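Please read all numbers here as calculations on a predicted model, not as lab measurements. Any value given below was found using the heavy atoms of this structure, including those in side chains, with hydrogens, waters and symmetry copies removed. Residue numbers begin at 1 in each chain, while the letters A, B, ... track the order of the sequences.
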Protein chains: 2
Amino acid sequence: MANKPELMPGTLDMLILKTLARAPLHGYGIAQAIKRLSDDVLTVEEGSLYPALQRLLLQGWAKAEWRMTETNRRARFYTLTPAGRKQLGVELSEFDQMIAAIHRVLQNA
Amino acid sequence: MANKPELMPGTLDMLILKTLARAPLHGYGIAQAIKRLSDDVLTVEEGSLYPALQRLLLQGWAKAEWRMTETNRRARFYTLTPAGRKQLGVELSEFDQMIAAIHRVLQNA
DNA sequence: TTCTATGCATAGACGTTCTATGCTATGGGC
DNA sequence: GCCCATAGCATAGAACGTCTATGCATAGAA
């Protein structure tokens with residue numbers, strides 16, 4: 001039972017945007033990057049990842065194109081749009097605000 | 001559209017447990033406390049609150065009894081059980097771990 | 001007496017994440 | 001030549017948590 005998520009709900013889009021802000025990347029690579037940078041704490045399942053990427057495309061926060069990876073495989077590379085970069089800023093500050101608020105509640109002994 | 005939640009999904013139970021760890025309280029009071037301590041950033045809607053309280057009861061993390069408030073109203077007071085106190089510890093450390101992991105991903109420029 | 005604040009509770013909609021599934025293809029080892 | 005692990009995309013459906021909307025009740029102030 002007790003199915004604790006490998007991800008904090010609501011933060012996935014932000015994490016993807018941040019990852020893409022470093023460099024264009026394909027889905028698989030994004031998942032790897034998040035897992036690696038978080039020291040294996042955050043795991044992005046494919047069933048979460050691809051719907052999230054669709055959302056980003058739909059919102060105009062990223063665009064996609066098929067290319068070849070360094071290892072000679074075809075993959076869909078996602079690039080952040082200016083709107084996406086702006087959105088990243090918004091989500092980062094909202095996140096910070098949320099965390100700060102939660103800490104205020106938690107620290108009040 | 002764009003329906004940003006007033007609450008970070010997955011953190012509500014932790015916030016309630018923490019609030020009850022200070023003193024037994026009724027639902028309405030819990031919502032007030034969280035809102036006040038967070039400087040109005042976190043708003044707990046009733047449709048989120050009461051289902052959450054049911055979860056806590058069901059898990060044995062809190063128990064409830066009807067009492068009168070200071071203002072002479074009948075209300076259901078929730079008290080943390082030992083298991084609930086333990087659970088609070090678990091959720092706090094999981095939360096910290098999550099936040100730390102997210103920060104690692106975000107800070108990696 | 002009417003209104004506001006206090007107080008509990010549920011049903012249904014909605015969005016996100018997870019599980020499960022299916023498909024393709026590359027490169028290494030046997 | 002064949003198998004298998006890895007890389008890679010994608011969707012359907014279940015599960016879950018939160019929000020909107022609704023209903024009910026009562027104390028005290030205006």
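Both B:Leu12 and A:Ser48 sit near DNA chain D, but only A:Ser48 has its closest nucleotide nearer the 5' end. Comparing A:Pro9 and A:Asn72 against DNA chain C, the residue whose closest nucleotide sits nearer the 5' end is A:Pro9.
Taking 4.0 angstrom as the limit, B:Arg74 places none of its side-chain polar atoms (N or O) nearer than this to OP1 or OP2 of C:dT6. The shortest distance between the side-chain N/O atoms of A:Arg73 and the OP1/OP2 oxygens of D:dC9 is not below 4.0 Å. Within the structure, every side-chain polar atom (N or O) of A:Arg76 is placed at least 4.0 Å from both OP1 and OP2 of D:dA7. Within the structure, every side-chain polar atom (N or O) of B:Thr71 is placed at least 4.0 Å from both OP1 and OP2 of D:dA27. Within the 4.0 Å cut-off from OP1 or OP2 of C:dC8, not a single side-chain nitrogen or oxygen of B:Arg67 is found.
Atom P of nucleotide C:dC18 and atom CD of A:Glu45 are separated by 6 Å, given to the nearest angstrom. Whole-Å rounding puts the B:Tyr28 OH to D:dA27 P distance at 16 Å. Across the protein-nucleic acid pair, B:Phe77 atom CZ and C:dC8 atom C1' stand 13 Å apart, rounded to whole Å. Taking atom OH of residue A:Tyr50 and atom C1' of nucleotide C:dT16, one finds them 18 Å apart after rounding to whole Å. Per the geometry, NE2 belonging to A:His26 stands 15 Å off C1' belonging to C:dT24, to the nearest Å. In this structure, A:Glu46 atom CD and C:dC18 atom P are separated by 12 Å, rounded to whole Å. Going from atom CZ of B:Arg55 over to atom C1' of D:dT18 covers 9 Å, rounded to whole Å. Separating the CG atom of A:Leu53 from the C1' atom of D:dT11 is a distance of 14 Å, rounded to the nearest angstrom.
Considering only side-chain atoms of B:Leu7, the nucleotide from D:dT18, C:dG7, C:dT17 that sits closest is D:dT18. Among the nucleotides C:dC18, D:dA10, D:dC9, the one closest to the side chain of A:Tyr78 is D:dA10. Taking the side chain of A:Trp66 as heavy atoms from C-beta on, and the options D:dA10, D:dG8, C:dC18, the nearest nucleotide is D:dA10.
At a threshold of 4.0 angstrom between heavy atoms, the contacts of A:Gly29 with the nucleic acid are absent. Across all strands, A:Gly27 comes closer than 4.0 Å only to sugar-phosphate atoms, never to a base (heavy-atom distances).
In this structure, B:Asn72 CG and B:Met68 CE are separated by 6.5 Å, a value rounded to the nearest 0.5 Å.
Within the shown strands, D:dT18 is the pairing partner of C:dA13 under the Watson-Crick or G-U definition, both distances less than 3.5 Å. Base-pair partner of D:dA29: C:dT2 (Watson-Crick or G-U wobble, both distances under 3.5 Å).
Below the 3.5 angstrom threshold, one finds no donor paired with an acceptor across the side chain of A:Glu6 and the base of C:dC18.
Taking hydrophobic clusters as Ile, Leu, Val, Met, Phe, Trp and Tyr residues chained together by side-chain heavy-atom distances below 4.5 Å, A:Ile99 does not share a cluster with A:Val90. Hydrophobic cluster membership differs between A:Tyr28 and A:Leu15, with clusters built from Ile, Leu, Val, Met, Phe, Trp and Tyr side chains linked at under 4.5 angstrom. Tracing side-chain contacts under 4.5 Å through hydrophobic residues (I, L, V, M, F, W, Y), one never reaches B:Ile30 starting from B:Phe77; they form parts of separate clusters.
Salt-bridge formation is not detected for the pair A:Glu65/A:Lys63: no Lys NZ or Arg NE/NH1/NH2 atom is positioned less than 4.0 Å from an Asp or Glu carboxylate oxygen.
B:Ala52 and B:Ile16 get closest at one heavy-atom pair: CB-CD1, 3.7 Å.
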